[in-house]
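Worth saying up front: this structure is predicted, and the values here are computed from it rather than measured. Each chain gets a letter, A, B and so on, in the order its sequence line appears, and its residues count up from 1.
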Number of protein chains: 2
Amino acid sequence: MLKLSKMTDYAVVILAEMASLDGQLLTAGALAQHTKVPEPTVSKILKLLVKQNLVASTRGSNGGYTLSKSPNDINMAHVIMATDGPVTLTACVESSGQHCDLSDNCNVKGKWNPVNQAMQNALENVSLQQMIGGRA
Amino acid sequence: MLKLSKMTDYAVVILAEMASLDGQLLTAGALAQHTKVPEPTVSKILKLLVKQNLVASTRGSNGGYTLSKSPNDINMAHVIMATDGPVTLTACVESSGQHCDLSDNCNVKGKWNPVNQAMQNALENVSLQQMIGGRA
DNA sequence: TCAATTAGTACCGTTTTAGTACTGATTAAA
DNA sequence: TTTAATCAGTACTAAAACGGTACTAATTGA
């Protein structure tokens, strides 16, 4: 259906909440309350975001999470990468690492690459700032 | 993972084959042989394409399938619509018809619509002709 | 030492997807 | 008019992906 996973959907909601309370260190529990997303899920998503360096974590008592960069510098392609992995429309896309069974006699070999790139670009051009309503 | 289904992938390969033998009436069996896609699957996909009026069918003995319009007039958005349904990145997208649990307190409500539209446009701008290597 | 908090991993149930099978309808030709 | 070829439609099954949860380990402030 060409849709994003719920994980990505939630991730953006969570990031938007963090952006709107910029600078504050927020626990997974607090973010769950604010966004109504179940806490274990919030927790899981935050871990993914930390791995991609979109969010910075502080461990231990009084720990929590905060954005690791400005909302203008976080784009949707990056968020999707964190939660869903790389954008690879088809198995034939070069970057997919997958093997296409038809490859030898495939009449559209390589043709998906530019389409994939167009998608990627479209997503890179949408910042978290825009998702929370800002103009920049 | 933001990927297309195999059905869409196959559909494009099948359509490309039809385009390259333009005007010929081809049976599901023949297309299966040419593309190496299993025949029952080819058959299923062709039915979906007929419903979306991308392909015209002729029933009965000596029947078969042919493109119902020029490869320049068939775009990837339309093919995806046929095999995967409409492009709706998230449940929140207006056209999705789905309900979003978070909607009332969602801080990114409505913000996905333009992103979704950008995707749709990117796919509409890729014709079947381009997928088989043509410039137009 | 204790409590709060994140990190990491593993698991399970549900949903989606891919693929197949079967029956019915249509048509050309013998 | 009968037969064979072919598409139309539906229903079913097995496998994979996804969402969600649980549990244990590591870290840190008090």
Side-chain angles (χ1 to χ4, degrees), chain A residues 1-11 13-14 18 24-33 35-66 68 80 82-86 88 90-91 96 98 100-102, chain B residues 1-11 13-14 18 24-33 35-66 68 80 82-85 88 90-91 98 100-102:
Chain A
M1 208 207 288
L2 195 62
K3 65 177 179 190
L4 298 175
S5 67
K6 276 193 181 180
M7 290 294 141
T8 299
D9 205 346
Y10 290 155
V13 172
I14 292 167
M18 296 174 83
Q24 288 189 40
L25 201 61
L26 296 157
T27 66
L31 284 166
Q33 283 189 343
T35 60
K36 309 291 188 208
V37 177
E39 177 172 343
T41 301
V42 170
S43 199
K44 182 178 189 174
I45 290 169
L46 284 166
K47 287 168 196 168
L48 294 171
L49 295 173
V50 168
K51 275 190 189 166
Q52 286 292 315
N53 210 33
L54 293 170
V55 161
S57 66
T58 305
R59 297 174 68 156
S61 179
N62 294 334
Y65 297 93
T66 190
S68 67
I80 291 171
T83 50
D84 274 2
T88 57
T90 71
S96 80
Q98 297 173 61
C100 170
D101 295 337
L102 308 172
Chain B
M1 208 204 290
L2 196 61
K3 67 174 177 191
L4 298 176
S5 68
K6 277 194 181 179
M7 289 295 139
T8 299
D9 205 344
Y10 290 157
V13 172
I14 292 167
M18 296 175 83
Q24 287 189 40
L25 202 61
L26 296 157
T27 66
L31 285 165
Q33 283 188 343
T35 60
K36 310 288 189 213
V37 176
E39 176 173 342
T41 300
V42 170
S43 197
K44 182 180 189 170
I45 290 169
L46 285 166
K47 287 169 196 168
L48 293 170
L49 295 173
V50 168
K51 275 190 188 167
Q52 286 293 315
N53 211 33
L54 294 170
V55 162
S57 66
T58 304
R59 297 174 70 157
S61 177
N62 296 332
Y65 297 93
T66 190
S68 67
I80 291 169
T83 51
D84 274 3
T88 56
T90 72
Q98 297 173 60
C100 171
D101 296 337
L102 308 172

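- The nearest whole Å value for the distance from the CG atom in B:D84 to the P atom in D:dA17 is 16 Å.
- Checked by atom type and distance alone, the side chain of A:T66 never pairs as donor or acceptor with a backbone atom of A:A56 at under 3.5 Å.
- The CG atom of B:L46 sits 15 Å away from the C1' atom of D:dG9 (whole-angstrom rounding).
- Here the shortest heavy-atom pairing between B:T83 and B:M7 reads CG2-O, 4.0 Å.
- Among the nucleotides D:dG20, D:dG29, D:dA8, the one closest to the side chain of B:S57 is D:dA8.
- Contact check for A:P40 versus A:K44: no side-chain heavy atoms found under the 4.5 Å cut-off.
- Using a 4.0 Å heavy-atom criterion, one finds that A:G60 contacts the bases of the nucleic acid, with or without backbone contacts as well.
- Between A:Y65 and A:L25, every side-chain heavy-atom pair lies at or beyond the 4.5 Å cut-off.
- Within the 4.5 Å cutoff, the side chain of B:V42 has no heavy atoms near those of the B:Y10 side chain.
- In this model, the phosphate group of D:dG19 is not approached by any side-chain N or O of A:Y10 to a distance below 4.0 Å at OP1 or OP2.
- Partners of B:S5 by side chain to side chain donor-acceptor pair (under 3.5 Å), not counting sequence neighbours, listed by chain and number: B:T8, B:D84.
- Checking A:N62 against B:S5, the closest nucleotide of DNA chain C that is more toward the 5' end is the one next to A:N62.
- Atom CZ in A:R59 sits roughly 8 Å away from atom C1' in D:dA25 (whole-Å rounding).
- Taking atom CD on B:E39 and atom P on D:dT6, their separation rounds to 9 Å, with Å as the unit.
- Contact annotation for A:S43: no contact, since no heavy-atom pair falls under 4.0 Å across all strands.
- A:G64 comes within contact range of the sugar-phosphate backbone alone, with a heavy-atom separation under 4.0 Å but no base atom that close.
- A straight line from NZ of B:K44 to C1' of D:dC12 spans 10 Å, rounded to a whole angstrom.
- Per the geometry, CE belonging to B:M1 stands 9 Å off C1' belonging to D:dA17, to the nearest Å.
- Looking at which nucleotide of DNA chain D each of B:K51 and B:S61 is closest to, the 5′-most match is held by B:S61.
- Rounded to a whole Å, the CD1 atom of A:I45 is 13 Å from the C1' atom of D:dT21.
- Put simply, CG on B:L31 is 12 Å from P on D:dT6, counting in whole angstrom units.
- Close approach of DNA chain C to chain B, defined as any atom under 4.0 Å from a non-hydrogen atom of the protein, starts and stops at C:dA18 to C:dA29.
- Contact of the A:I14 side chain with the A:L31 side chain is registered, since non-hydrogen atoms from C-beta on lie closer than 4.5 Å.
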